[in-house]
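So that the names make sense, note that chain A is the first sequence line, chain B the second, and so on, each numbered from 1.
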There are 2 protein chains.
Amino acid sequence: MSTGPSVKDVAALAQVSVGTVSNVLNRPDQVTPDKRKRVQAAIAQLGFVRNESARSLRSGSSRSLGMLVLDVRNPFFTDVALGAEDVAEDHKYSFILANSSEDARREQTYLDLFEEQRVQGILITPFGDVLQRLEAMRARGIPSVLVDRLAGSEDFCSVSVDDEAGGRTAMEHLIASGAERPAFVGGPFTLQQVADRHAGALAAAEAAGVALQVFETPNLKFERGRQIGDIIGDLRQSRRPDAVFAANDQLALGLLQSFTAKGIRVPDEIALIGFDDIDFASQSSIPLSSIRQPRQLIGERAAQLLFDEIENPGGHGHQQIVFTPELVVRASSRQG
Amino acid sequence: MSTGPSVKDVAALAQVSVGTVSNVLNRPDQVTPDKRKRVQAAIAQLGFVRNESARSLRSGSSRSLGMLVLDVRNPFFTDVALGAEDVAEDHKYSFILANSSEDARREQTYLDLFEEQRVQGILITPFGDVLQRLEAMRARGIPSVLVDRLAGSEDFCSVSVDDEAGGRTAMEHLIASGAERPAFVGGPFTLQQVADRHAGALAAAEAAGVALQVFETPNLKFERGRQIGDIIGDLRQSRRPDAVFAANDQLALGLLQSFTAKGIRVPDEIALIGFDDIDFASQSSIPLSSIRQPRQLIGERAAQLLFDEIENPGGHGHQQIVFTPELVVRASSRQG
DNA sequence: TCCTTTTTATGAATCGATTCATCTGTGAAT
DNA sequence: ATTCACAGATGAATCGATTCATAAAAAGGA
């Protein structure tokens, strides 16, 4: 129940001043080896652990980074997070991963938390309408970088892929493979990624002179894919799409599971392509075609941009890094 | 650059004392509606955000939970984390997820971090030798619950499945399906889960009078499975196992990918079973047999036990919850 | 030896929210 | 009219590590 030993206790035991203890903790080479050892011994003996709250209260800085993703269950985001975490570790920052679950309320709650904890910077894949808030936070000294989402303005750094190009590529591929009644599955359209991927697909469809059916979903999760799969599967043949572009691989895998269960042959009856190219895409029952994003690299670059701004707030110019996604064709959309 | 407004500024603007501001923040119903509204208006006007460091320094408590998992890329753990996070949210606690990546050094680093941040409790799937440290932390007021790992002693709460039974079930199934040269793939054996799953498999093999080959791996990741798959695939027919039990699904999927690439037929030439039954298991190129664990439920129960101890440190009795895992047979081990 | 520069050490002041002993004002009871 | 009880409000003291101006000690230089 005790609050544990403090620097004072350590100082007393080592017979030095509290300032010296603090120096051993933060600038060990400015302390005589003799005293340094005495202090370290005292720390070990008492089991002293520095109170981070007191530290960051006084010093103002917290040495931690927050990352807020749309869905931790999506391997795409854990891969991105891993890349970012590596960079954070190199800088000796701790890394707090939070999950908005595509829920605007949770997103706000976690931003509150980050702000209260005075994290030094935020990596975020926004869900709701948070850009204004992020700008306000930057003004108060907490910068942020948009991840997997192009900054519309020059006010943010962002690391993303060209979702529209990705969407276009996916749809062109489906049409080139013979699709006559293609569909897009995904949502919500307030999510920029979804809107862009759809816009690209629509452009490709229009260019080819075919109509694009749309099935809007409230989120991009596996379960939802299964549900839409059931709906699509139950359509009568003439109205049923013969090719589906899903806004991400989770949805696509859900669709695939439903189709498989219903005995719908993929790609013969319905061709299918996803987005992200998560590891499991290549391993699904029918290997899934997808649009590949450089997952870890996105995380690394985003963290690097964030550190650039943290360490050099004045001379930092906002940058938008945009990767070009890559078509990966597998059995789910290969021409029969 | 400013440090932002503090309670003092709010108090000045609202023309009340700092104590009243604090009361509005923490016990709003003890403040006259009139003043309460003035304070809230001032907070909004200044954009005041409470400094969590100062709060928890003074009050001693942090209202946050730490969770340390072996591998965030493994969907098993994100599912468990999700269950725990839900419970944490119900209690209005924030939830910090960290990733030891099966690395003892990182594990210690994150425990340091949790301790420095004075989290109220820890959920951990231990990798290295940390039980003593966890006991010391409990003595200092930070309790922990072991996740996916049975506590050997009565000193901890734990939520796990019976890994030995799971291992036995898996191996019995392989043998019943005709395996004559079964193998176990997994590691390191210092990981209790791995040791137990292997022990169960070994017991089943001995009972059936067949030898069990072992391929030890340094971790349980996808990549490693692919590597071992290549090694196994290159063995000459007579020495090559005809059935493999992998210590988790990630490994199993890696093995499967390698086998598929090498043209080895599963299950005809080599039968395969994993452990965890992650969502993707049912969706792999050849649907993967597995031993199912109740993933979210494990996380929920663990968090509940932790809260029980946090909120009632005196009258808390340690509990070991052990779920019985369940065999799920799919194509990867179905008799030909 | 004495003076200057550099290196180490000291400890009071500080960060910002919370706590709690104390004070004020209102209304009920005598 | 006087006392008592009590809800509300106050603000100085507090949590623990860091900072920084200052002092002391050590190392060079003349």
N-O pairing of A:Glu135 and A:Arg138 below 4.0 Å: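 Salt bridge between A:Glu135 and A:Arg138, a charged N being under 4.0 Å from a carboxylate O: no.
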
Listing time: all N or O pairs from protein to nucleotides 4-8 of chain C that are below 3.5 Å?
residue	atom	partner	partner atom	Å
C:dT8	O3'	A:Thr32	OG1	2.7

Review item, side-chain donor-acceptor pairs of residues 87-94 of chain B, under 3.5 Å, at least two apart:
residue	atom	partner	partner atom	Å
B:Glu89	OE1	A:Arg106	NH1	2.9
B:His91	ND1	B:Glu311	OE2	3.2

Under 3.5 Å, is there a donor-acceptor pair linking the side chains of A:Arg133 and A:Gln108?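 Looking only at side-chain atoms, A:Gln108 and A:Arg133 do form a donor-acceptor pair, the distance falling under 3.5 Å.
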
For the residue pair B:Tyr110 and B:Phe114, does the interplanar ring angle fall in the parallel (under 30°), tilted (30 to 60°) or perpendicular (over 60°) class?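 Plane angle between 30° and 60°, so tilted.
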
Please round to 10 degrees the angle between the axis of the first five pairs and the axis of the last five pairs in the helix from C:dT1-D:dA30 to C:dT30-D:dA1.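 Between the axes fitted at each end of the helix from C:dT1-D:dA30 to C:dT30-D:dA1 lies an angle of 40°.
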
What protein N or O atoms touch nucleotides 23-27 of chain D N or O atoms at under 3.5 angstrom, if any, and at what distances?
none

Output one letter per nucleotide in nucleotides 16-22 of chain C: B when a protein non-hydrogen atom lies under 4.0 Å from the base, S when only the sugar-phosphate is that close, - when neither is. BBBB---

Residues forming a side chain to side chain donor-acceptor pair (under 3.5 Å) with A:Ser158, sequence neighbours excluded: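 Side chain to side chain donor-acceptor pair (under 3.5 Å) list for A:Ser158, sorted by chain: empty.
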
Is the backbone N or O of B:Val72 less than 3.5 Å from a side-chain atom of B:Asn99, with the two atoms forming a donor-acceptor pair by type?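 Judged by distance alone, yes, a pair lies under 3.5 Å.
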
Applying salt bridge (Lys or Arg N to Asp or Glu O under 4.0 Å), can you list everything that pairs with A:Glu102, at least two apart in sequence or on another chain?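 Partners of A:Glu102 by the salt bridge (Lys or Arg N to Asp or Glu O under 4.0 Å) criterion come out as none, since no residue qualifies.
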
What residues form a side chain to side chain donor-acceptor pair (under 3.5 Å) with A:Thr190, not counting sequence neighbours?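 Counting only residues at least two positions away or on another chain, A:Thr190 forms no side chain to side chain donor-acceptor pair (under 3.5 Å).
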
Identify, with sequence neighbours excluded, every residue that meets salt bridge (Lys or Arg N to Asp or Glu O under 4.0 Å) alongside B:Arg58.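 Here no residue qualifies.
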
Can you sort out the partners of A:Gln193 under side-chain contact (heavy atoms from CB on, under 4.5 Å), two or more places apart, ordered by chain and number?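 If we apply the side-chain contact (heavy atoms from CB on, under 4.5 Å) test to A:Gln193, skipping adjacent residues, the hits are A:Leu70, A:Thr125, A:Asp148, A:Arg149, A:Asp163, A:Leu191, A:Arg197.
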
Taking side chain to side chain donor-acceptor pair (under 3.5 Å) as the definition, give me every residue that meets it alongside A:Asn312, ordered by chain and number, with sequence neighbours left out.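 Checked A:Asn312 against side chain to side chain donor-acceptor pair (under 3.5 Å); zero matches.
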
Partners of A:Arg118 by salt bridge (Lys or Arg N to Asp or Glu O under 4.0 Å), sequence neighbours excluded?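 Result, salt bridge (Lys or Arg N to Asp or Glu O under 4.0 Å) vs A:Arg118: none returned.
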
